[in-house]
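Here is the structure we will look at, set down as structure tokens.
Sequence lines set the chain letters: A, B, ... in the order given, protein chains first and strands last, and positions in each chain run from 1. Bear in mind the structure is a predicted one, so any value in this text is a computation, not a measurement.
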Amino acid sequence: MFRHMELAAVPPNAFTFAGIIAACSSSGHPQGLQAGRQLHARVFKFALEHDTSVCNALVDFYSKSSARLLDLVHAFNATDTPNVVSWTAFISGLARHGRDEDAFAAFAEMRASGVQPNSFTVSTLLKGCTSSQCFVNAAKIHAYVLKTSLQSLDVSVGNSLVDLYSRFARMDGAWTVATSMALVRDSFTYTSLAKGLNQVGLPNKALEMIVHMFQEGVHVDSFSLACFLSAAATLPSIEPGMQLHCCSVKLGLSSQVSVSNSLINMYSKHKCLEDAKSVLQSIREPSVVSWNALISGLASNGSYYEALSVFEDMTLGGAQPDAITFSIVLHACTHGGLVDIGINHFNSMRKHFGVSPQRSHYTLFLDMLGRAGRLAEAACTIEAMPIQPDLSMYRNLLAFCELHNDLVVGENVARKALELYPSDTVFQNMLSGICGAAWKHDRGVHVHSMKSDAAISFDVSTSSMR
DNA sequence: ATAGGGTTAG
């Protein structure tokens with residue numbers, strides 16, 4: 001429509017730009033970023049770069065669409081007199097980039113500049129709070145909220161606090177806030193509570209939330225139901241899970257993908273793999289989570305080959321696997337003894353699916369090779385990795401060298417490990433493993449650490465270690 | 001023009 005407007009020579013105004021820029025940030029299309037940048041240029045052409053709404057739309061756009069933090073900072077700095085909306089969009093962007101501390105700093109700066117935060121600002125700030133360092137700041141925000149809210153808590157702010165405490169496993173704090181929200185609790189409140197209770201290992205308590213919801217007339221929706229099904233998945237009996245399945249059908253929520261995904265998980269955890277499979281088949285457009293849940297369910301029930309076959313179905317159908325998919329696949333290959341298949345999948349994850357192996361994938365991959373006794377390949381992998389290997393990776397690999405009596409690889413791995421981690425205690429621990437292997441092989445070994453100027457020798461003739 | 005909840009691994 002914007003193009004039609006241009007062709008019709010109708011000059012766009014600030015409202016036009018605010019609307020069309022917002023469309024770019026919420027479209028979910030990769031072209032959104034490109035289109036938004038072009039519109040940014042048009043803003044200057046029409047001399048609207050000082051309009052507050054346009055500036056705010058741009059801040060929000062760069063916050064949501066650009067991977068570059070500088071884009072966001074520039075857009076915010078270009079705003080002449082930032083108002084509460086500008087600051088909130090900016091804080092939201094900082095949080096999205098994982099800059100918790102900066103988000104709190106911006107909040108302080110905002111208040112210092114005389115702009116009063118609103119409930120949107122506080123919710124944004126609390127959601128962005130992920131590190132335990134920031135939890136301390138968040139507790140101060142709680143105090144600030146209590147001090148400034150004249151009557152009762154805003155629902156969104158209250159829910160953000162409940163969620164915050166739940167995320168940090170502080171269920172007492174979450175419950176206290178929820179209690180203070182007596183008349184305004186909604187499905188958001190209960191979803192956060194249920195998720196938190198699941199995380200601290202209290203699935204029965206999580207399921208009790210359903211009773212509260214019924215009593216208070218709060219509707220169970222797909223989000224809360226997903227959490228309840230997740231709780232039911234960990235119970236010893238399948239009954240509550242099946243009741244929730246019935247419940248989801250009665251509520252008309254059984255075709256929601258998140259509910260189906262939780263059902264797949266729930267049936268898998270109770271070893272009802274046929275049910276899990278039929279739920280997957282019932283989904284019109286399975287998400288990556290749906291596939292992951294089934295592949296994982298099959299693998300953890302020992303059906304490694306079938307798990308890999310479902311992975312094939314997934315990719316042949318054009319679904320995009322993610323980092324979790326490959327973790328599950330590697331795990332299945334390791335425990336199913338399907339090493340060559342695992343190597344192929346590991347090599348194809350970046351090449352064919354654009355998923356870069358993370359540290360955890362390398363750990364799984366090394367574990368797979370180590371278990372299978374393919375230690376030379378494992379040693380090559382640990383050397384060629386684009387990330388610095390963990391100490392635990394070396395420890396595990398050395399343990400496999402010992403297990404498989406591969407002293408040659410073991411010595412090389414130990415030497416490399418010592419170059420990276422030259423601390424003496426580590427050195428001793430590793431060497432005792434290698435010397436153990438040397439002893440089994442009835443040969444001596446001498447390893448020297450350049451950095452710590454330490455060395456250990458194991459002398460076969462005297463069975464002594466120096 | 002700005003905000004709050006979900007399901008999958010180990």
Using a cut-off of strictly less than 4.0 Å, decide whether A/Asn265 has a side-chain nitrogen or oxygen near OP1 or OP2 of B/dT8. yes

Once salt bridge (Lys or Arg N to Asp or Glu O under 4.0 Å) is applied, what residue pairs with a partner in residues 188-217 of chain A remain, sequence neighbours excluded? A/Arg185-A/Glu216, A/Lys205-A/Glu208

Under 3.5 Å, side chain of A/Asp340 to main-chain N/O of A/Ile343, donor-acceptor pair present? no

side-chain N/O A/Lys64 vs B/dA3 OP1/OP2, d < 4.0 Å: yes

Taking only residues two or more places apart in sequence or in another chain, which ones pass side chain to side chain donor-acceptor pair (under 3.5 Å) with A/Asp313? none

Taking atom C1' of B/dG10 as reference, at what distance in whole Å does atom CZ of A/Phe365 sit? 18 Å

Can you check the A/Leu263 CG to B/dT8 C1' distance for me, whole Å? 13 Å

A/Thr191: which residues meet the side chain to side chain donor-acceptor pair (under 3.5 Å) condition with it, sequence neighbours left out? none

Ignoring the backbone of A/Ser156, work out which of B/dT8, B/dG5, B/dA3 is nearest its side chain. B/dA3

Using a 4.0 Å cut-off on heavy atoms, which residues in residues 188-197 of chain A reach DNA chain B? List them by number, or say none. A/Phe188, A/Thr191, A/Ser192, A/Lys195

Base, sugar-phosphate, or nothing for A/Ser262, non-hydrogen atoms under 4.0 angstrom? sugar-phosphate

A/Pro203 backbone acceptor or donor facing A/Thr234 side chain under 3.5 Å: no

Picking from B/dA3, B/dA1, B/dT8, which would you name as closest to the side chain of A/Asn83? B/dA1

Pick base, sugar-phosphate or nothing for A/Val155, based on heavy-atom distances below 4.0 Å to the nucleic acid. base

Nearest of B/dA9, B/dT7, B/dA3 to any side-chain atom of A/Ser296? B/dA9

Indicate whether OP1 or OP2 belonging to B/dA9 is found under 4.0 Å from a side-chain N or O atom of A/Lys269. yes

Taking it one step at a time, do A/Asp100 and A/Asn137 satisfy side-chain hydrogen bond (donor to acceptor under 3.5 Å, both in side chains)? CA-CA 10 Å; A/Asp100 316 31; A/Asn137 293 332; over 6 Å; no

Euclidean distance, atom CZ of residue A/Phe90 to atom C1' of B/dA1 [Å, nearest integer]: 16 Å

A/Gln199 CD - B/dT8 P separation (whole Å): 10 Å

Residues in residues 320-346 of chain A with a heavy atom under 4.0 Å of DNA chain B, by number, are A/Ile324, A/Ser327, A/Ile328, A/His331

Rounded distance (Å) that lies between atom C1' of B/dT7 and atom CD of A/Glu285: 17 Å

Taking any heavy-atom pair under 4.0 Å as a contact, classify A/Ser160: base, sugar-phosphate, or nothing. sugar-phosphate

Could you tell me whether a side-chain N or O of A/Ser348 sits under 3.5 Å from a main-chain N or O of A/His345, the two making a donor and an acceptor? yes

Pairs in or reaching into residues 219-247 of chain A: which pass ring-ring contact (aromatic ring centres under 6.0 Å, His included), with residues at least two apart or in two chains? A/His245-A/Tyr267

Apply the ring pair (Phe, Tyr, Trp, His ring centres under 6.0 Å) test between A/Phe346 and each candidate in A/Phe365, A/Phe353, A/Phe326; give the one that qualifies. A/Phe365

Can you confirm whether or not the ring centre of A/His40 sits under 6.0 Å from the ring centre of A/Phe61? no

From B/dT2, B/dA1, B/dG5, pick the nucleotide closest to the side chain of A/Ala89? B/dT2

Would you indicate what A/Ser230 reaches in the nucleic acid, counting non-hydrogen atoms under 4.0 angstrom: base, sugar-phosphate, or nothing? sugar-phosphate

